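Here's the structure, in structure tokens; my notes come after.
Predicted model, so just to flag it, every value in this text is computed and none were measured.
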Amino acid sequence: VIMIASLAACGEEKETTTNTIVPTALTAREQMLVGSQDIFMYDFETDSTYKTITVTVEAYKNGEKISNAANLQCTIPSNAEKGGNNQGSLAVMLSADHRFSAAVCDKDGSVISAFGSDVVEPVAELTKTSSIEIADRQAIPASGDMTLAYLAYGDAEKTQGTFVKNVFLDPASNAEQSAAFDRIYLIKCSFH
């Protein structure tokens with residue numbers, strides 16, 4: 001995840017606005033390096049009031065929250081000495097060995113901080129659906145808390161039918177529908 005975040009941060013300069021976050025598509029080269037692993041990349045710009053990003057991964061099994069699969073805290077790169085805003089990239093990844101990790105790079109691609117979780121309970125050979133919640137640039141809410149993405153796993157026979165995004169973004173309030181999935185990981189972050 002550190003290597004991918006570094007490569008992505010070295011890409012073209014993107015127009016930014018203070019206290020915003022935007023998903024970043026992986027290049028073909030980065031996707032090749034990642035392989036079949038799940039990775040979510042975001043570019044962000046914040047003012048100097050924000051110092052850290054905490055990534056929390058909530059795990060739901062058959063519609064019920066079982067735990068937080070990960071609580072990863074990363075430092076935001078500071079540009080205060082230059083009088084500018086803090087710019088960087090956030091990468092969140094679920095690796096093949098069933099660990100979540102998060103890394104933050106500055107706008108030049110240097111890794112500021114990276115953390116990994118313990119092994120999460122592996123899901124068997126199940127159908128996977130993943131979706132990035134942020135479709136475009138978004139303002140970071142005043143609370144600093146937002147949902148980035150979800151990963152849903154289920155048996156193909158068991159999960160037939162149409163499921164709206166809200167089922168995955170709030171599994172607890174949609175327990176009956178989310179119970180059709182063996183596992184849902186809800187990836188959230190907090191800027192503080």
Side-chain angles (χ1 to χ4, degrees), residues 1 4-5 8 21-26 28 30-44 53-74 89-103 115-141 143-192:
V1 73
I4 297 300
I21 185 167
V22 62
T24 303
L26 298 180
E30 291 162 353
Q31 191 61 58
M32 180 192 70
L33 292 169
V34 172
S36 61
Q37 300 175 60
D38 293 293
I39 185 166
F40 301 95
M41 294 283 304
Y42 304 90
D43 289 336
F44 61 86
I53 301 173
T54 300
V55 174
T56 303
V57 182
E58 296 177 355
Y60 293 82
K61 188 172 185 176
N62 299 319
E64 292 187 23
K65 184 175 177 183
I66 55 173
S67 67
N68 281 345
N71 282 299
L72 310 168
Q73 187 165 311
C74 297
S89 297
L90 167 67
V92 181
M93 186 170 82
L94 176 59
S95 65
D97 65 351
H98 304 286
R99 296 175 195 271
F100 280 97
S101 56
F115 293 92
S117 73
D118 294 331
V119 174
V120 297
E121 183 181 347
V123 287
E125 292 298 319
L126 300 172
T127 303
K128 178 184 67 184
T129 304
S130 62
S131 173
I132 296 178
E133 159 62 2
I134 299 176
D136 204 348
R137 181 180 314 280
Q138 283 193 7
I140 297 168
S143 67
D145 302 327
M146 58 194 318
T147 299
L148 296 178
Y150 65 79
L151 293 167
Y153 297 83
D155 183 288
E157 294 177 11
K158 184 176 166 186
T159 59
Q160 288 179 354
T162 303
F163 293 87
V164 296
K165 185 168 56 176
N166 291 345
V167 170
F168 303 105
L169 298 179
D170 191 1
S173 296
N174 297 280
E176 187 176 327
Q177 287 181 294
S178 62
F181 292 83
D182 294 273
R183 193 68 45 82
I184 297 172
Y185 293 116
L186 194 54
I187 302 170
K188 298 183 173 186
C189 78
S190 178
F191 286 79
H192 45 92

Item to check | Asp118: partners by salt bridge (charged side-chain N to carboxylate O under 4.0 Å, His left out), with sequence neighbours left out | outcome: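 Once residues adjacent in sequence are excluded, Asp118 has no partner under the salt bridge (charged side-chain N to carboxylate O under 4.0 Å, His left out) criterion.
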Judged by atom type as modelled, is there a donor-acceptor pair below 3.5 Å linking the side chain of [X] to the main-chain atoms of [Y]?
| X | Y | value |
| --- | --- | --- |
| Ser178 | Pro171 | yes |
| Ser117 | Ala70 | no |
| Asn174 | Asp170 | yes |

Checklist entry - Once the angle between the rings of Tyr150 and Phe168 is folded into 0 to 90°, is it parallel (under 30°), tilted (30 to 60°) or perpendicular (over 60°)? => result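 Taking Phe168 first and then Tyr150, their aromatic rings lie parallel (interplane angle under 30°).
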Straight-line distance of [X] [atom1] to [Y] [atom2], nearest 0.5 Å:
| X | Y | atom1 | atom2 | result |
| --- | --- | --- | --- | --- |
| Gln73 | Ser190 | CD | OG | 9.0 Å |
| Asp38 | Tyr185 | CG | OH | 10.5 Å |
| Gln138 | Tyr42 | CD | OH | 10.0 Å |
| Asp43 | Ile21 | CG | CD1 | 8.5 Å |
| Asn71 | Glu58 | CG | CD | 9.5 Å |
| Ile134 | Met146 | CD1 | CE | 4.0 Å |

Measuring only between side-chain heavy atoms, which start at C-beta, is [X] closer than 4.5 Å to [Y]?
| X | Y | value |
| --- | --- | --- |
| Asn62 | Asp182 | yes |
| Leu169 | Leu186 | yes |
| Ile53 | Phe44 | yes |
| Ile39 | Leu26 | yes |

Item to check | Audit row: Phe40, Leu151, side-chain contact (heavy atoms from CB on, under 4.5 Å) steps and yes/no | outcome: CA-CA 11 Å; Phe40 301 95; Leu151 293 167; 3.7 Å; yes
Item to check | Thr56-Asn68 side chain donor-acceptor pair, cut-off 3.5 Å | outcome: no
Item to check | Full working for side-chain contact (heavy atoms from CB on, under 4.5 Å) between Leu90 and Met41 | outcome: CA-CA 6 Å; Leu90 167 67; Met41 294 283 304; over 6 Å; no
Checklist outcome for this item: Here the pair of heavy atoms bringing Asp136 nearest to Pro23 is O-CD, 3.7 Å
Next on the checklist: Applying ring pair (Phe, Tyr, Trp, His ring centres under 6.0 Å), can you list everything that pairs with Tyr60, at least two apart in sequence or on another chain?
Outcome noted: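 Ring pair (Phe, Tyr, Trp, His ring centres under 6.0 Å) list for Tyr60, sorted by chain: empty.
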